[in-house]
Each structure stands twice: as structure tokens, then as C-alpha cells.
Amino acid sequence: MDWQGQKRAEMLMQLLLVASAVAAFVVGYAMADFQLMLLVYAAGVVLTALVTVPNWPFFNRHPLKWLDASEADRHPRPQVSATTGGKKKTGKNK
């Protein structure tokens, strides 16, 4: 899954969960049945998982291009400095 696919999957997940929550509330309110409301919402969660969890082809429309090993050797990684960021230690130990 590429970066745009991850964004698309997250937005689709949020949309489907909100839509299933609204639909579950409306159905539960109209039928005056709390258990039915929970079942409708559970069905929406399962549908959302089936749509967003697998790596579907429409999530891979913008694949990343990786460097070849020979190209990566010509561009070395930046070295991480050995500084100890954070709070300074004081002379007093309590």
C-alpha cells in the first residue's frame, strides 16, 4: 500500500464507520431496539474492515520507486550524531 493509498484507506474507514454509526442509530431509534442497533453497527464495522484492511489494487495506484543497490551505494545515509539530547543533569543527586 502506498502513501496515498494509506490516506485513502484511513479516510474511507472514517467515512464508513461514521455512516454505519448514523445508520445504526436511525435503525435502532426507529425500531426502538438497542440490540438491532448494535448488530447494524457491528455489520458496518465488519464491512469497513473488509474494505480497508486488505491490500486492494486501488490502494496501490502510486507505487514508490526504490533505488537499485548500486544507486544506493553512491548516496550514503547521513550519519546520526552522538549527542545525548534531553535534560541536563545537575550536580545534586536526590
Side-chain angles (χ1 to χ4, degrees):
M1 185 179 296
D2 57 29
W3 295 107
Q4 286 87 2
Q6 288 178 3
K7 183 178 180 182
R8 185 177 297 121
E10 183 178 354
M11 292 191 60
L12 188 59
M13 178 200 64
Q14 290 176 0
L15 177 74
L16 287 174
L17 286 177
V18 168
S20 64
V22 169
F25 178 78
V26 169
V27 168
Y29 187 78
M31 302 298 241
D33 190 357
F34 187 75
Q35 185 178 6
L36 181 62
M37 180 193 73
L38 289 177
L39 288 174
V40 170
Y41 185 68
V45 169
V46 169
L47 175 69
T48 301
L50 289 174
V51 170
T52 60
V53 171
N55 193 12
W56 297 106
F58 62 89
F59 291 137
N60 291 317
R61 290 186 180 166
H62 306 284
L64 296 174
K65 295 183 182 180
W66 295 89
L67 290 177
D68 294 327
S70 61
E71 186 71 24
D73 290 338
R74 285 187 261 157
H75 302 285
R77 293 184 190 176
Q79 297 297 322
V80 178
S81 62
T83 59
T84 58
K87 296 180 180 180
K88 293 183 179 180
K89 294 184 178 180
T90 60
K92 297 180 182 178
N93 290 332
K94 293 184 179 181

*To the nearest 0.5 angstrom, please state how far the CD atom of Gln14 sits from the OG1 atom of Thr52.*
10.5 Å
*asked:* Other residues, nucleotides and ligands only: do more than 12 of their heavy atoms fall within 6.0 Å of CE on Met31?
replied: no
*Main-chain N/O of Trp3 paired with Arg8 side-chain donor or acceptor, under 3.5 Å*: no
*For the atom pair CG (Leu17) and OG1 (Thr48), what is the distance rounded to the nearest 0.5 Å?*
4.0 Å
*Leu47, Leu12: one ILVMFWY side-chain cluster at the under-4.5 Å cut-off?*
yes
_Please give me the minimum heavy-atom distance between Ser20 and Gly44, naming the atom from each residue._
CB-CA, 3.6 Å
_If you count every heavy atom of other residues, nucleotides or ligands that lies below 6.0 Å from Phe34 atom CZ, does the total exceed 12?_
no
_Could you report the tightest heavy-atom contact between Pro63 and Asn60, atom names first, then the distance?_
CD-O, 3.9 Å
*Taking atom OH of Tyr41 and atom CG of Leu36, what is their separation to the nearest 0.5 Å?*
15.5 Å
*side-chain contact (heavy atoms from CB on, under 4.5 Å) partner of Phe59, the single match among Met1, Lys7, Gln4*: Met1
*Taking Asp33 for its side chain and Gly28 for its backbone only, find out whether a donor-acceptor pair lies under 3.5 Å.*
no
